[in-house]
Amino acid sequence: MKRILSGIQPSGKLTLGNYLGALRNWVNIQNEYDCMFFVADLHSITVTQDPKTLNENIKRIIMQYIACGLDPNKSTIFIQSHVHEHAELGWILNNSTYMGELGRMTQYKDKSAKQQNIKVGLFDYPVLMAADILLYDADYVPVGEDQRQHLEMTKTIAKRFNAQYGETFKIPEPYILKEGAKIMSLQDPSKKMSKSDSNPNAYISLFDEKDVIIKKFRRAVTDSLNTVRYSDEQPGIKNLINIYSCITGKNIQEIETEFEGTGYGKFKDTVADSVANKILSIQEKYNQLNKPENENIIKEVYQKGCERASSIASNKLKHVYKSVGFVVD
Ligand code: TRP
């Protein structure tokens, strides 16, 4: 089985964008690949986190992975910091990476432009991500558009290391999702829907209640054309059509026909309703898992995941250390 690896940062509560853009697809590929899904806690501290909130978010994401349909018997679910080899390989790979390359990463440029004191971790972030991927010889990495440049960086680092030290790493490829679109902010459809957006109206959280979901959709930024058409001139409506299509499985044409002659109000409410139904069913499973008597079940999931991940990662790191010339035995 080919191996797939991906992770989500615990930098907030998961959103509809995480679900439709990533998780839902992960659920669908669990049977076809050896899947490894982790919580990228080491990455999340590249921006300041409140320790208590971070701790809660990490556990929440594990529970949400399962509530959304990831099956711990099929997929390896773990927490990045539990497998110490991630940080260790990151250090090694720092020495196969150039400052200039990292300085050209667009996410770094965007994030650092907003700050005065830029952390080394933020700059080095793509190298840790390379370590995440290369540790497991991942064949495919499902990532969104915003992470594609980082994946290219991973390939560059892997090839450079292999050239210097001999074949050590598998070169990963992006996994292009068969379905699913990039879900954009409800307040600014030129931006990705993000759990770290400062305006909560911009995203639907998987924890939002039904009336909140409906309100957020009603407030979603659209245009004044008042026709439900899928076009780049109507990015807000396009985003809502994408969301509706992902949730219902209907294609764009069917949706345009369904809402022909209907105003935005009714369209938005219909989309909101379909989203709310889906999210409420995820919440139901989540609430079941989130009971004190089930704490051990969750712990068992990430401990078992860590065990399997660690056994792969420690072998790989040993191989790397040997390649580099360290004394390993
Ligand atoms: N950087 C990714 C994001 O913010 C999260 C991530 C960390 C990741 N390591 C990874 C994704 C390895 C895929 C593979 O979305």
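Start at 1 and go down the list; that is how both ligands and their atoms are numbered. By convention here, the first residue in the shown sequence is residue 1.
- When non-hydrogen atoms are compared, ligand 1 lies under 4.0 Å from the side chain of Gln147 (C-beta onward) but not from its backbone.
- Below 4.0 Å from some heavy atom of Phe38 lie the following atoms of ligand 1, by number and element: 9 (N), 10 (C), 12 (C).
- Ligand-side atoms of ligand 1 in range of His43: 7 (C), 9 (N), range being under 4.0 angstrom from any heavy atom.
- When Gln9, His86, Met36 are checked for heavy-atom proximity to atom 4 (O) of ligand 1, Gln9 turns out nearest.
- Of the protein's non-hydrogen atoms, Gly7 O, 4.0 Å is the one closest to atom 6 (C) of ligand 1.
- Neither the backbone nor the side chain of Leu128 comes within contact range of ligand 1; no heavy atom lies under 4.0 Å.
- In summary, the side chains of Lys238 and Asn242 do not present any donor paired with an acceptor at a separation below 3.5 Å, with no hydrogens or angles considered.
- Applying the 4.0 Å criterion to heavy atoms of Val141 picks out, from ligand 1, the atoms 13 (C), 14 (C).
- For Tyr19 and Tyr286, the gap between ring centers reaches or exceeds 6.0 Å.
- The aromatic ring centres of His150 and Tyr108 sit 6.0 Å or more apart.
- Here is the list of ligand 1 atoms found below 4.0 Å of a heavy atom in Asp132: 7 (C), 9 (N), 10 (C), 12 (C).
- Ranking protein heavy atoms by distance to atom 1 (N) of ligand 1, first place goes to Tyr125 OH, 2.7 Å.
- Cation-pi geometry between Arg60 and Phe207 is met: the NZ or CZ atom falls under 6.0 Å from the ring centre, inside 45° of the normal.
- Hydrophobic cluster of Trp91: no remaining members, since no ILVMFWY side chain lies below 4.5 Å from it.
- Both tests hold for Lys216 against Tyr203: distance to the six-membered ring centre under 6.0 Å, angle to the ring axis within 45°.
- Of the charged side-chain nitrogens involved, at least one lies within less than 4.0 Å of a carboxylate oxygen, so that Lys250 and Glu258 count as a salt-bridged pair.
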